[in-house]
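Quick note on labels: first sequence line is chain A, next is B, and so on, each numbered from 1.
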4 protein chains.
Amino acid sequence: MRSTATGQPRTKPAEIRREELMDAAQALFLGKGFTETSVDEIVKGAGVAKGTYYVYFKTKDDVLAALRERFVARFLERLQTAADGHPPSDWIARFDRWIDAAVNTYLDERALHDLVFHQMRPTHDRLHQANPVVRDLEGLIAQGAQAGAWTADNAHLVAVMVFSAVHGAIDDAGESPGPSDRKRLVHAVQSFCRMGIGLPPAG
Amino acid sequence: MRSTATGQPRTKPAEIRREELMDAAQALFLGKGFTETSVDEIVKGAGVAKGTYYVYFKTKDDVLAALRERFVARFLERLQTAADGHPPSDWIARFDRWIDAAVNTYLDERALHDLVFHQMRPTHDRLHQANPVVRDLEGLIAQGAQAGAWTADNAHLVAVMVFSAVHGAIDDAGESPGPSDRKRLVHAVQSFCRMGIGLPPAG
Amino acid sequence: MRSTATGQPRTKPAEIRREELMDAAQALFLGKGFTETSVDEIVKGAGVAKGTYYVYFKTKDDVLAALRERFVARFLERLQTAADGHPPSDWIARFDRWIDAAVNTYLDERALHDLVFHQMRPTHDRLHQANPVVRDLEGLIAQGAQAGAWTADNAHLVAVMVFSAVHGAIDDAGESPGPSDRKRLVHAVQSFCRMGIGLPPAG
Amino acid sequence: MRSTATGQPRTKPAEIRREELMDAAQALFLGKGFTETSVDEIVKGAGVAKGTYYVYFKTKDDVLAALRERFVARFLERLQTAADGHPPSDWIARFDRWIDAAVNTYLDERALHDLVFHQMRPTHDRLHQANPVVRDLEGLIAQGAQAGAWTADNAHLVAVMVFSAVHGAIDDAGESPGPSDRKRLVHAVQSFCRMGIGLPPAG
DNA sequence: TATGAATGAGTGTTCATTCAT
DNA sequence: AATGAATGAACACTCATTCAT
């Protein structure tokens, strides 16, 4: 009942299109916030028509969710990579390394992280529990404790607190701290958290 | 021919009106989120006309800012009260008490806290630094360290991490934890943070 | 959070504004159909801003409902007026008169009638029963039957059928029949319906 | 390297495909209305791709037209069947039978009838004239009148009114009237219409 | 001070239709 | 014949903000 149609449809693999849309959305959200970005701008950014967005996402919120998943997946990959190269039994080194990687990754992606985790309302509570990153850390802490490397009565809560301390320290850091600031930061967090689980402060 | 005595005095002390508006806004924001609440609903909640809102606040964001200030002020009062009753020199007791009060206050006002601190976008960074609550804690930590009660190379960062650990633990807690859950929570946080500054875990 | 505002608000009595909106909507609906008319066009037609529409009507469908009510009310007035001037006891004259008025009124307002009664879906069934016009006719038929002026075992069904015959005949008539066409139409309907209730055909 | 035998033959006789599309459309239209049904849903219902729809129909309205034609054709068949078995010269029996068949068929297919006749806007006028069902009835009435079985000055108008009376009575009936309700209905309509053309009421 | 009718730019979402494969 | 990714105009509805009274 409506009229329409002109531009030539340029078919691309669905995965590519979706990623392009996500990339465009991420850039805009990061630049001006989620609410302040319109779907119109997203599609303009991705170089597709309005309707195409809705071929790949059900609602506006939908990209944000997709962005979150992608962020977590990439984050975990990075932690994984960082953890490799240490003998699994060197618990303390792994713990230090985890914190180091977390701090630096978050610093690199702080804005993205905030976007993806603070934006949506009914998200705040139970967030950490469901958060795979926390789960990863919790596993490490529980295993290390079991191996006698440190003490942690409640591995989950400790993981949450370590995770939060990392966050807090990062949020507190300036916009783009230099390498030495980062070192200091990592060191402070490591010391605090090491001590928090009964280890001596970081060397 | 005066009007009948029905209409109540339409003018109220400005401070009262303002508070009523804030109360209405807070209730609504808490219930359905900031974005999801309209100015219309706020004025309806406060029992005034649309225009009246704009007599007391310049924009919609304005109430949120006012709400934040009020929250911080009240929070500090509560911490203050909690701190009183301990000799200023019993540092460890004051530290424990601070955490206890923080955990419980935040648990009581969690939703409000989230609303007031997570809601607005260009707020995330520098937040803690500007946060009077953190400043308060930082003072305590710095003084205790100076008095030799514990160790803290970087009082500010430590304060931020303690504060964050408190937050994280709370966010992780279920909707309305019972008294014993709270006790456990307080104890875990206290232990972790005590150890984080070189003290033995909480008794 | 949005910007806005320029045009000077020109306050009018609510009833006037509402009527103006309804008039604009009716003209548009009549001209191009309900679905084909946008709220934008309605407000343009009424000379007000988009939002003003929603001050007076909850949805787009809402005007249509209002239009329907107004149509029925006006229609009944007209039938009433037609019925006056005949002694209440001259049943046959009143019956003839009712049909005459109905045919002519519907012919005058055919498009409006169709708009208002055919447009909305969950309307078709039970429509006649709830229709005040049918109720009016039903009353007349029942009373006439009781007075022995004619026969009608089931006044309600007869009213429905007379009403429908009127409708059918009108729908069948060309776009704008001349006076003599109308006379013929009225006469044919009167004859058929008179006979339908056991009276001799119209003179 | 032929593809595995999974995919069923993708091409079907055009007539079948078309019917499947129409069936799907009819079911959907009946269930949720024409406007409320999307082409997407139709093709999903028919198990074909979007583009296939446009191989068989030029626009969305097109199916509705096709549905109307199919409805009328089937309806006429049924009337035809009903008429058979009576000697062509028993006019009154044929008239009664026509009404009986019409009432019952419409009751069986009321929703479909409404869909197909009320839905499209520029349809209301001239509808009955163009309607083959009315033409069929008109032929019967004209022939009966010519044969002296009854009186009808204007066979066309009478046919329209009888047809409308049938409709009205049906629309007025509840959702799914039982057999005895149907009988009563048929009887009332027959009586009214018989009398309308100068016959005694139905026995 | 308080009102509330009026504003109008802006938004998310839908969907009939096309066309390269 | 059949597909389904892509289109983009259109639309209903929202809501922060203004201002004459």
Problem set entry | First encountered from the 5' end of DNA chain E, between C:Val48 and B:Ala14 |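 Whichever sits nearer the 5' end wins; that is B:Ala14.
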Exercise. Start at the 5' end of DNA chain E and walk down; is the nucleotide closest to B:Gly47 or to D:Tyr54 reached first?
Worked result: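 Closer to the 5' end of DNA chain E: B:Gly47.
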Problem set entry | Complement of E:dA20, any strand, by Watson-Crick or G-U distances under 3.5 angstrom |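 Paired with F:dT3.
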Exercise. If we call it a pair only when both distances are under 3.5 Å in a Watson-Crick or G-U wobble match, what pairs with F:dT14?
Worked result: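 F:dT14 is paired, partner E:dA9.
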Establish, with yes or no, whether the OP1 or OP2 oxygen of [N] is under 4.0 angstrom from a side-chain nitrogen or oxygen of [X].
| X | N | result |
| --- | --- | --- |
| D:Lys50 | F:dT3 | no |
| C:Arg17 | E:dA6 | yes |
| A:Thr11 | E:dA20 | no |
| C:Thr52 | E:dT7 | yes |
| B:Tyr56 | E:dA2 | yes |

Exercise. Can we say B:Glu109 and B:Arg74 salt-bridge, meaning some charged N sits less than 4.0 Å from an Asp/Glu carboxylate O?
Worked result: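 Between B:Arg74 and B:Glu109 there is no salt bridge, as every charged N stays at least 4.0 Å from the carboxylate O atoms.
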Exercise. Can we say B:Arg70 and B:Glu19 salt-bridge, meaning some charged N sits less than 4.0 Å from an Asp/Glu carboxylate O?
Worked result: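 Looking at B:Arg70 and B:Glu19, the cut-off is met.
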Exercise. Start at the 5' end of DNA chain F and walk down; is the nucleotide closest to B:Gly51 or to C:Thr37 reached first?
Worked result: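 That would be C:Thr37.
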Taking only the side-chain heavy atoms of [X] (C-beta and beyond), determine which of [options] contains the nearest atom.
| X | options | value |
| --- | --- | --- |
| A:Ser38 | E:dT11, E:dT17, F:dA1 | E:dT11 |
| D:Thr59 | F:dT17, E:dT17, F:dT3 | E:dT17 |
| D:Ala49 | F:dG4, F:dA12, F:dA16 | F:dG4 |

Exercise. Atom OH of C:Tyr53 to atom C1' of F:dC11: distance rounded to whole Å?
Worked result: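 Distance check: C:Tyr53 OH to F:dC11 C1' gives 13 Å.
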Problem set entry | Minimum side-chain heavy-atom gap B:Val43-B:Thr52 below 4.5 Å |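 SC-SC contact between B:Val43 and B:Thr52 ruled out.
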Problem set entry | Validation row: B:Thr59, B:Tyr54 side chains within 4.5 angstrom (heavy atoms) |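 Not touching, per the 4.5 Å side-chain cut-off.
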For this session: Establish, yes or no, whether the cationic atom of D:Lys60 lies under 6.0 Å from the six-membered ring centre of D:Phe34 and within 45° of the ring axis.
Result: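 Yes - D:Lys60 lies over the ring of D:Phe34, closer than 6.0 Å to its centre and within 45° of its axis.
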